[in-house]
Trainee: 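Quick one: the structure is below, and I'll ask about it shortly.
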Amino acid sequence: MITIIHSVTIVTLNRNNDIFEGYVTIKNNTFEKTGEGSPTDIEIEQADKVIDGKRKWLLPGFINTHGHLGSALLRGAGDDMPLMTWLKQVMWPNESRFDRETVLQAAQVAMIEMIKSGTTTFLDMYHLHMKETAKLVIDKGLRAVLGRGMIGLCPAHEQEDKLAESVSLFETFNGAGDGRLSIVLAPHAPYTCPPTFLKRVAETAEKYRMMIHTHVSETRGEVEEHIKTYGKRPVSHLDELGVFNGPVLAAHAVHVNEEEIEILKNRGAAISHNPASNLKLGSGVAPVPDFLEKGITVSLGTDSTASNNNLDMFEEARLSALIHKGTRENPEVTSAKDTLEMATLKGAEALSLENLGKIERDFKADFILVEPGQAHLTPWNKDRILSHLVYAARGSDVTDTFIDGKAVYSDRQLLLFDEEKIVFEANQLAKKFL
Ligand SMILES: [Zn+2]
């Protein structure tokens, strides 16, 4: 299957950061060619499908590296609370009453929101019905990294059950959906997973060569508590327990000191920076300029709709670009290009996904089209596109989303979801909860 999309401005995010007017040729699920100008008559003839890009911008799809899809129906259920109060009073009591239908309905609401705002790959850490979520990802054409969220505040046999469930998810679904699905180990956090359990997680990760994804040092209070209980800071402790022996993606990393940043760097850990969630829960601002200066891979995540409260990666990127300039009183600490990379190819790097996050030959054809003919993106020329994408654009500017070479959203029409039905049913279900 060969598809050509012509008459587009291509934002490649390649090494030279090329931006040009031209066309892309997609063979099955990968880019076969990116070319300036127009395709030749022969190229058009050989294509199975030819799409007029209508002078839109074509760029890599966003990669959202941290979220919890299953809790999407708790959007707006508990604002203006600190993390621990919010978890204990809102999240955990409601989630304990979630059934299969609620989790899957929530996951679909989140998937629709992500596709419509240009996200093509997402990471989901959740503890309920992950096999069903995996099947949904396969059916609905998305690319995802899933981890069965594990809280270790339970007897050892229950910890082992959770680990076994994670391994079973890995054995059944890793690489499924033509390689669109990856499975990771997802211990919730150092404050919810005792050291003995984290050691077991590290051993399991090594045995099955799985990546670990976990929340790390999200709030000042949890770090202080950790020091009181164990006499050491969380990142140093995780290192001692062997958690960093393989690839790790740490969500948040807001309260890490210089020594811990050094450990993260030396161990090759990546960060999922979630600025909106960190601000909303009053957790703080992660030292992203320091991570970038050290060469640590920093990606972007929204966290769940319960602490954001949307999954719009344009908004996350803009917030990330602005907040560090403000807190450091220095507009040079982040750029539009760095930020856009964090939302795309650095996300792929953080999730250990190869050939993803750029518009380049042999890269996976995960991309979006953005409609530039709107007042809030005017005026534009190719020198201003990166700036507009980070500082002016929004999720609703996306008109088309392609994943693995296939359209899942075309001319603002969802091809695999009945949005009206899902939204109606989700609203009915949500009445049972806060
Ligand atoms: Zn989270």
Side-chain angles (χ1 to χ4, degrees), residues 65-66 68 81-92 125 127 147-156 158-159 162-163 166 184-205 211-275 277-288 290-291 294 296 298 301 303-304 307:
T65 60
H66 183 67
H68 311 278
M81 293 178 183
L83 177 73
M84 284 321 294
T85 316
W86 174 72
L87 284 175
K88 287 179 179 167
Q89 290 184 9
V90 180
M91 298 305 291
W92 292 340
M125 174 201 278
H127 59 295
R148 195 270 190 223
M150 300 181 287
I151 287 184
L153 303 172
C154 51
E158 281 182 34
Q159 295 174 352
K162 290 175 183 178
L163 260 180
S166 301
V184 296
L185 281 174
H188 177 264
Y191 64 91
T192 52
C193 295
T196 47
F197 181 51
L198 285 169
K199 254 190 174 164
R200 282 286 297 131
V201 172
E203 286 164 16
T204 309
M211 192 176 103
I212 293 176
H213 177 54
T214 184
H215 296 101
V216 175
S217 303
E218 185 172 352
T219 64
R220 188 181 301 280
E222 91 191 48
V223 174
E224 284 168 0
E225 202 56 40
H226 201 96
I227 295 169
K228 245 194 251 165
T229 313
Y230 302 109
K232 51 196 92 175
R233 297 180 66 91
V235 172
S236 316
H237 198 187
L238 289 172
D239 193 27
E240 275 177 36
L241 296 167
V243 170
F244 293 119
N245 288 354
V248 172
L249 173 62
H252 307 305
V254 174
H255 297 279
V256 288
N257 66 13
E258 258 178 61
E259 197 184 314
E260 289 175 296
I261 294 176
E262 207 56 40
I263 293 172
L264 292 167
K265 181 198 163 200
N266 292 337
R267 296 306 223 150
I271 307 293
S272 177
H273 176 40
N274 297 194
S277 176
N278 297 153
L279 287 174
K280 184 160 185 280
L281 292 164
S283 303
V285 177
V288 168
D290 302 334
F291 294 147
K294 290 275 180 192
I296 294 172
V298 182
D303 218 341
S304 83
S307 67

Trainee: With a 4.5 Å cut-off on side-chain heavy atoms, are Thr219 and Pro82 touching?
Mentor: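 Not touching, per the 4.5 Å side-chain cut-off.
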Trainee: Could you report the tightest heavy-atom contact between Ile296 and Ala269, atom names first, then the distance?
Mentor: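 Result for this residue pair: CG2-O, 3.6 Å.
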Trainee: Report the C-alpha distance between His127 and Ile151 in whole Å, list the side-chain angles of each, state the deciding distance to 0.1 Å, and finish with yes or no for side-chain contact (heavy atoms from CB on, under 4.5 Å).
Mentor: CA-CA 9 Å; His127 59 295; Ile151 287 184; over 6 Å; no
Trainee: Measure the spacing between CG of Leu83 and NZ of Lys88 and express it to the nearest 0.5 Å.
Mentor: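 The distance works out to 10.0 Å.
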Trainee: Can you tell me how the ring of His215 sits relative to the ring of His213, calling it parallel under 30°, perpendicular over 60° and tilted otherwise?
Mentor: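 Aromatic pair His215/His213 classed tilted.
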Trainee: Rounded to the nearest 0.5 Å, how far apart are NE2 of His66 and NE2 of His273?
Mentor: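 Reported to 0.5 Å precision, the distance equals 13.0 Å.
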Trainee: Under 4.5 Å between any side-chain heavy atoms of Lys162 and Arg148, yes or no?
Mentor: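 Lys162 vs Arg148: side chains touch.
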Trainee: Can you measure from CG (Leu238) to NZ (Lys232) and round to the nearest 0.5 angstrom?
Mentor: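 With rounding to 0.5 Å, CG (Leu238) is 11.0 Å from NZ (Lys232).
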Trainee: Determine whether Gln159 and Cys154 make a side-chain contact, defined as any pair of heavy atoms from C-beta on separated by less than 4.5 Å.
Mentor: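 Yes - at least one pair of side-chain heavy atoms lies under 4.5 Å apart.
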Trainee: Please name the pair of heavy atoms, one in Phe291 and one in Ala253, separated by the smallest distance, quoted to 0.1 Å.
Mentor: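 Shortest heavy-atom separation between Phe291 and Ala253 comes out as CZ-O, 3.5 Å.
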Trainee: Tell me yes or no: between the side chains of Asn278 and Ser283, is some donor less than 3.5 Å from an acceptor?
Mentor: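 No, Ser283 and Asn278 have no side-chain donor paired with an acceptor closer than 3.5 Å.
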Trainee: Has the side chain of Ser277 got a donor or acceptor atom that lies under 3.5 Å from a matching backbone atom of Asn274?
Mentor: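 Not at all, since once roles are kept as given, no pair shorter than 3.5 Å links the two residues.
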Trainee: How close do Val243 and Val248 get, counting heavy atoms only, and between which atoms?
Mentor: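 Closest approach of Val243 to Val248: O-CG2, 3.2 Å.
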Trainee: So do the side chains of Val90 and Met81 get within less than 4.5 Å of each other, counting heavy atoms only?
Mentor: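 Counting from C-beta outward, Val90 and Met81 do come under 4.5 Å.
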Trainee: Less than 4.5 Å apart, any side-chain heavy atom of Leu249 and any of Thr65?
Mentor: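 When only atoms from C-beta onward are counted, Thr65 and Leu249 do touch, with a gap below 4.5 Å.
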Trainee: Rounded to the nearest 0.5 Å, how far does CG of Leu185 lie from CG of Leu198?
Mentor: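 The distance works out to 11.0 Å.
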Trainee: So, for Ala202 and Leu241, which heavy atoms are closest and what is the spacing to 0.1 Å?
Mentor: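 Closest approach of Ala202 to Leu241: CB-O, 3.8 Å.
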Trainee: Identify the two heavy atoms, one from Gly301 and one from Pro275, that lie closest to each other, and give their separation to 0.1 Å.
Mentor: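 Closest pair (atom of Gly301, atom of Pro275, distance): O-CD, 4.4 Å.
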Trainee: Under a 4.5 Å cut-off applied to non-hydrogen side-chain atoms, are His237 and Pro190 in contact?
Mentor: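 Result no, sub-4.5 Å side-chain heavy-atom pair not found.
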Trainee: Taking all heavy atoms of Gly149 and all of Met125, pick out the closest pair and write down the distance.
Mentor: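 Heavy atoms only, the tightest pair is CA-CG, 3.8 Å.
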Trainee: For Arg233, which of Glu225, Glu260, Glu240 qualifies under salt bridge (charged side-chain N to carboxylate O under 4.0 Å, His left out)?
Mentor: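 For Arg233, the salt bridge (charged side-chain N to carboxylate O under 4.0 Å, His left out) check succeeds only for Glu260.
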Trainee: Atom CD1 of Ile212 and atom CZ of Phe244: how far apart are they, to the nearest 0.5 Å?
Mentor: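 If we round to the nearest 0.5 Å, Ile212:CD1 and Phe244:CZ are 9.0 Å apart.
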Trainee: Parallel, tilted or perpendicular, judged at 30° and 60°: which one describes the rings of Tyr191 and His188?
Mentor: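 Rings of Tyr191 and His188: perpendicular, over 60°.
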Trainee: Got a donor-acceptor contact below 3.5 angstrom from the Asn266 side chain to the Glu262 backbone?
Mentor: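 Here the side-chain-to-backbone pair exists.
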Trainee: Enter the distance from Glu259:CD to Ser236:OG here, rounded to the nearest 0.5 Å.
Mentor: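 Reported value, rounded in 0.5 Å steps: 5.0 Å.
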Trainee: Tell me, do Met84 and Glu222 make a side-chain contact under 4.5 Å, heavy atoms counted?
Mentor: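 A side-chain contact under 4.5 Å is absent here.
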Trainee: Are Leu163 and Arg200 close enough that some pair of their side-chain heavy atoms sits under 4.5 Å apart?
Mentor: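 The answer is yes; the side chains approach within 4.5 Å.
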